[in-house]
*Asks:* 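Handing you a structure now.
No hydrogens, no waters, no symmetry mates; every other heavy atom, side chains included, goes into these values. Proteins come first, then strands; the chains are lettered A, B, ... in the order of their sequence lines, and each starts at number 1.
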Amino acid sequence: MSERGGGVGPAETLRLRLVVNHRPVELLVPPHRTLLELLREELGLTGTKHGCELGECGACTVLVEGRPELACLRLAASCDGAEVTTVEGLARGPRLDPLQETFADTGAAQCGYCTPGMLLVAHELLERTPRPSREEIRLAISGNLCRCTGYLRIIEAIERAAERRAGADV
Amino acid sequence: MLRLPRFRYLVPVDLDEAAALKAQYGPRAAYLAGGTDLVPKMKNGQHEPEVLIALGRLRELGGIRGGKDGELRIGASTTLATLAADPLVRERFPAVARAAEGVATPVVRNMATLGGNLCLETRCSFFDQSREWREAIRFCLKKDGDTCRVAQSSERCWAIQSSDTSPLVIALGARIELHGPAGSRSVDAASFYNDDGIQYLRKQPDELVTGISLPSIEGGQAGYVKVSRRSSVDFPVLSVAAWVRRETPQAPVLEARVVLGAVGSAPVIVEEAARILKGRPLSRESIEGAAEAAGRRARPLDNADVNGLWRKRVVRPYVARALEQLEPS
Amino acid sequence: MSEHRVIGGSSRRVDVADKVTGRALYADDLVLPRMLHCKLLRSRVPHAELLRVDVSAALEIPGVLAAITGADLPIPYGILPVSQDEHALCRDRVRFVGDPIAAVAAEDEETATAALARIAVELRPLDPVGSIEDALARPEPRLHQYAQHGNIHRMVSQEFGDLEQGLAEADYVREDSFFYGGSTHLALEQHAALADWSPDGRLTLWSSTQTPHYVHRVLARVLELPAARVRVIVPALGGGFGGKTDPFNHEVVVAKLAMRTGRPVKICLTREEVFHCHRGRHPTRIWMRTGVKRDGAITAMHVKTVLDGGAYGSYGAASTLYTGALQTVTYRVPHYRFDGARVFTNKPPCGPKRGHGTPQGRFALEVQLDKIAEALGLDPADLRLRHLVSPDSLTANYLRIGSTGLRQCLETVVERSGWREKHGQLPFGRGVGVACSSYLSGAGVAIYWNDMPHSGVMLKLDRGGGVAVYCGSTDVGQGSDSVLAFVVAEVLGVPPGDVRVVTADTDLTPVDLGSYSSRVTLMTGNAALQAAERARELLASAVAGKLEARPEELVFAEGRVFPASDPDTGVSFAEAVVAAESRFGTLATVGHYAPPAPAGKFKGSGVGPSPAYSYTAAVAEVTVDPETGMVRADKVWIAHDVGRAIHRPSVVGQIEGSVYMGLGEALFEETSHRAAHNLVPVAPSMLGYKSPTALDMCEVESFVIEDPDPQGPFGAKEVGQGPLLPIPPAIVNAIYDAVGVRIDEVPATPDKVLWALLAREQGREPRVGPGALAELPWPETVRVRPPWETAGASAPVRKEQD
């Protein structure tokens with residue numbers, strides 16, 4: 001006989017414990033909140049954007065357990081115990097991530113609205129594939145829509161960041 | 001910001017509890033896996049479950065296990081990203097990896113599950129819209145209305161089977177494993193789907209898919225082609241899964257399956273194409289014949305990203321290309 | 001090239017650090033204490049008399065603090081003086097599915113949404129008008145009483161020179177019809193606005209708008225507030241492309257609700273609501289009859305366009321003129337006639353989208369030229385090269401051309417693409433196409449008639465050496481804030497990091513008309529140049545004596561001021577400021593810019609003139625799958641004459657972004673509506689609307705050509721819109737080169753290409769495109785003698801080949 005699982009009613013709240021940008025947080029949220037709403041509205045982390053809220057544009061991409069996921073589709077309730085990284089968590093103190101440096105240098109950020117999602121997808125790509133090909137980069141960002149850049153400077157910024165990271169490792 | 005409606009959120013610890021909860025709440029409850037299909041629909045008011053039964057804690061749904069005879073059992077909660085990258089899958093059933101790789105976007109694939117993709121709801125350009133939009137067209141047969149908007153005099157719903165993995169697992173002769181209050185069972189993938197836009201799965205409402213098992217068949221090889229408007233994000237407007245069995249790549253085809261996706265409410269198994277392929281080695285001639293037969297069989301309507309006439313016309317070349325993947329190089 | 005220290009360089013943009021760290025605050029990121037949330041109730045029918053709207057049941061819901069209807073906002077508005085045809089909430093008519101009818105303000109969005117369901121609406125449906133053909137055939141029911149003729153919003157007819165004479169001189173005349181499909185901007189950031197009403201009667205609106213000045217004017221008028229008590233601020237903006245240049249219903253509504261409740265009110269539109277706002281590319285029918293000599297010289301051109309305007313005027317009266325205005329600025333056209341019309345239909349209103357009307361005319365011209373080249377046996381690139389307009393000339397329709405680097409642009413892409421080895425010579429299924437274009441660097445005439453500058457800049461100098469630049473311009477992501485900083489940094493010799501840019505705040509910044517018509521670099525750049533030069537004069541005169549040099553001999557560079565003859569002496573910039581403030585008192589300067597008056601004076605001459613025109617040439621290479629009609633863009637070579645690149649990465653960014661958007665319009669994107677289903681939009685979502693992904697975008701080789709124009713700051717011209725224009729025609733010309741079928745419309749979707757291929761197989765004309773246009777009741781043609789026939793034309797005119 002196994003222990004029965006838990007649940008929470010529509011008017012109730014769940015206690016969630018998660019680690020957001022390397023810091024533990026504890027929150028009470030009703031089950032119908034998405035991770036997007038939790039980040040932006042409960043934690044004031046407005047760096048994560050939204051372009052559609054239906055999982056179609058990639059603007060709300062965050063890292064959950066190191067994997068890019070769409071915060072607008074992920075229920076906050078399912079994140080108990082999870083480690084979440086948003087764009088605000090990329091820099092370590094005053095030191096920007098190499099991707100943030102190269103995005104700033106190459107013009108990969110124009111209006112900047114797709115940028116947080118792009119950075120996190122790119123970050124995970126470089127963790128997984130330190131020297132990605134151009135084709136691998138295109139594929140990795142293929143779910144993140146950008147209307148300003150035409151993607152080419154974003155691809156270049158990711159290539160340059162890969163080089164920087166490789167250089168730093170030596 | 002689009003908000004979800006309120007619901008009760010339940011987290012069963014094992015399969016039996018999950019099935020019991022679903023049986024208890026009936027149609028007021030929905031299973032929640034990756035959420036990539038259900039959550040947007042809840043925001044759009046296409047589904048209004050009062051209860052969500054989260055499957056995230058069910059270990060029984062996970063895992064990829066290879067058998068010693070080459071067969072593969074894949075748990076339903078395996079994400080499409082994990083599936084596509086798995087070395088066993090890539091080695092034994094590369095077409096499955098390819099089909100999984102083409103679904104939606106890389107980020108969605110980190111969340112979407114195989115079980116969810118196999119059970120993907122049928123889609124229609126008149127149904128996959130916001131509540132306000134559907135109100136403006138006075139709803140439709142699939143939800144809240146009494147008329148099919150793509151085929152006005154139809155008595156049945158024509159929403160389209162849109163999963164990338166379904167046609168392929170049918171072509172591979174997979175079995176789909178189910179679990180319900182009455183216990184576990186498995187069905188042939190081909191009989192899991194029903195040609196109706198509303199009742200598109202042949203299973204009990206409270207059963208959930210727990211996994212698939214792909215049989216290892218000596219000399220079997222599959223090909224897959226997905227056709228979509230854009231190279232990412234989009235659902236297929238046509239997909240082709242083709243499978244043949246032969247003793248050597250040059251030998252006569254002993255068994256074949258050609259399955260079309262996204263041209264009907266269920267995957268369309270083109271028996272005539274299989275007949276044309278059988279009994280002789282794969283050749284330009286047999287491929288053309290099978291492709292033409294598939295083209296005749298497909299009857300897509302105008303409820304996808306591209307009109308039905310075009311989709312019907314391109315069945316032939318795309319079936320040929322899927323079969324060409326199986327030609328001895 | 002590098003006689004400048006900052007101009008032409010690649011420094012980081014001034015706002016990019018905030019963008020890559022998530023610190024940049026966009027409108028929906030803003031939160032005020034006690035903030036309420038607004039939701040709009042929108043029409044579910046395309047055309048109806050609005051009989052009754054009853055919000056009383058909504059007001060009973062706990063948490064709902066206010067609910068308003070059209071009765072609360074009787075004053076109409078619209079971006080153009082000639083079409084003040086919108087109300088923030090419908091009053092007696094609804095005119096498209098999505099037209100806002102009522103609004104509520106509640107403690108949270110869910111409560112506001114629930115409240116909408118309790119609003120009772122009574123309508124009497126009217127027959128909807130669904131298309132151009134519909135609008136022409138059915139003058140009733142009229143969408144707007146002020147329309148020129150039935151449901152024809154407006155018609156213009158202009159002839160410059162003598163069309164018949166020009167056609168008579170031609171060796172070859174051809175007529176072609178085209179259709180340019182509608183599309184939308186799809187900026188990633190959804191429209192959002194936050195209004196705050198203070199107890200002392202001041203309204204503040206933060207809004208995702210490209211045109212805060214125009215929004216300021218509308219708010220004051222519609223809300224009946226003194227303009228001096230209304231403030232519009234634009235936070236960081238997540239893309240515009242022309243989709244955020246109209247004053248919007250939701251902006252007026254949140255302001256009204258803030259005034260009603262005494263609490264801040266915010267709205268953020270859902271993506272579907274953004275599709276309702278629209279203001280996108282007008283679907284346009286184009287017909288052209290062009291006469292040419294055997295060598296391709298154009299002797300006469302007649303262009304007719306009909307635009308599907310949607311339910312309201314927006315910028316449409318100008319859009320109509322733009323479909324014809326720039327047909328004369330690339331190739332010499334001695335006799336030119338333009339007939340343009342816009343109709344009203346019960347669909348979301350169309351307005352300005354990148355290129356604003358010119359892509360439609362340009363598409364027709366560049367594809368027709370391709371056909372003409374083929375008929376005459378000429379290479380399409382050579383034909384163009386022979387007949388380019390001359391610099392410093394006036395066109396038949398009085399557009400003043402300054403610098404034109406078009407020859408260099410076209411020669412560059414021809415050479416770098418391998419055009420001569422590829423055109424007509426690639427294997428079946430692969431092809432190349434060429435096209436040229438030109439675009440305004442700012443409209444020469446403001447949207448409302450006035451004698452004031454189009455752009456103003458204030459400069460403040462701090463004793464610590466910091467410089468603050470104030471300007472009303474809006475950075476939509478194109479980098480205009482950085483342009484201001486770089487211009488000022490260049491003139492004053494300070495690091496751009498020492499320049500603080502304050503923009504887009506109608507209380508603090510001098511008026512700039514807004515980010516549209518590619519006006520910002522040229523106009524704010526010139527204003528900033530003037531303000532900075534005045535500041536430099538003050539500083540120079542203050543320190544000249546001490547440095548024993550004449551003010552003109554002083555160099556401002558590297559944060560110092562020193563005589564050119566003795567660089568080791570001198571003072572720091574901060575010391576120069578102290579010296580100047582000691583001598584003159586508190587230091588501030590202003591600069592402004594107004595474009596030169598248009599050369600032409602005739603009805604409609606306000607649209608088309610610009611201080612300077614950019615030029616672009618592109619070659620596109622495609623692969624067509626003849627079995628399916630699928631087209632893949634393989635590569636684009638594009639050369640753009642920007643006059644002078646103020647900031648190279650921004651220029652390249654605009655070129656590539658424009659190519660991307662042009663590619664989207666050429667092959668993927670279309671806004672269309674279901675005639676059989678209440679004219680609902682076919683695909684009002686990011687999934688349904690086919691904006692190209694990173695896997696759909698081709699490689700681009702860009703060439704930044706600089707033919708400096710004396711009108712531009714440091715010679716700079718525009719780059720934000722021009723590079724889009726040649727892409728759709730280059731793509732369809734490439735499709736013809738690849739598989740021999742003419743797709744005379746965009747988007748050139750796979751089904752159209754396949755039908756054309758099948759038509760050829762079956763012995764029919766291998767073409768997909770529209771047929772003849774229905775006849776319109778065109779008004780009497782305004783006949784204008786071209787400049788070379790009138791004495792005293794205001795610029796030298798050269799008709800002959802250089």
*Asks:* Under a 4.5 Å heavy-atom cutoff, which of Glu50(B), Arg230(B), Arg3(B) has the most pairs with chain A?
*Replies:* Arg3(B)
*Asks:* Just do the side chain to side chain contact (heavy atoms under 4.5 Å, CB included) check on Arg138(A) and Ser231(B) with the steps written out, would you?
*Replies:* CA-CA 11 Å; Arg138(A) 278 180 185 268; Ser231(B) 302; over 6 Å; no
*Asks:* With a 6.0 Å cut-off (strictly less than), is the heavy-atom count around CZ of Arg134(A), excluding the residue itself, greater than 12?
*Replies:* yes
*Asks:* Identify which part of Leu32(B) has an atom lying under 4.5 Å from any heavy atom of chain A, answering side chain, backbone, both or neither.
*Replies:* side chain
*Asks:* Which pair of heavy atoms, one from Leu139(A) and one from Pro106(B), lies closest together, and at what distance?
*Replies:* O-CG, 3.1 Å
*Asks:* Looking only at heavy atoms, what is the nearest atom pair of Pro31(A) and Tyr9(B), with distance?
*Replies:* CB-CB, 3.5 Å
*Asks:* Could you tell me which portion of Cys52(A) (side chain, backbone, both or neither) has an atom closer than 4.5 angstrom to a non-hydrogen atom of chain B?
*Replies:* backbone
*Asks:* Report which part of Thr61(A) has an atom under 4.5 Å of a heavy atom belonging to chain B: side chain, backbone, both, or neither.
*Replies:* side chain
*Asks:* Name the region of Leu38(B), side chain, backbone, both or neither, that has any atom closer than 4.5 Å to a heavy atom of chain A.
*Replies:* neither
*Asks:* Can you find a pair of side-chain heavy atoms, one from Glu41(A) and one from Met1(B), that are under 4.5 Å apart?
*Replies:* yes
*Asks:* What's the shortest heavy-atom distance between Arg6(B) and Pro30(A), and which atoms?
*Replies:* NH1-CB, 4.3 Å
*Asks:* Output the option from Leu21(B), Val107(B), Thr36(B), Val39(B) having the highest count of non-hydrogen pairs under 4.5 Å with chain A.
*Replies:* Val107(B)
*Asks:* Output the option from Val11(B), Leu10(B), Asp16(B) having the highest count of non-hydrogen pairs under 4.5 Å with chain A.
*Replies:* Val11(B)
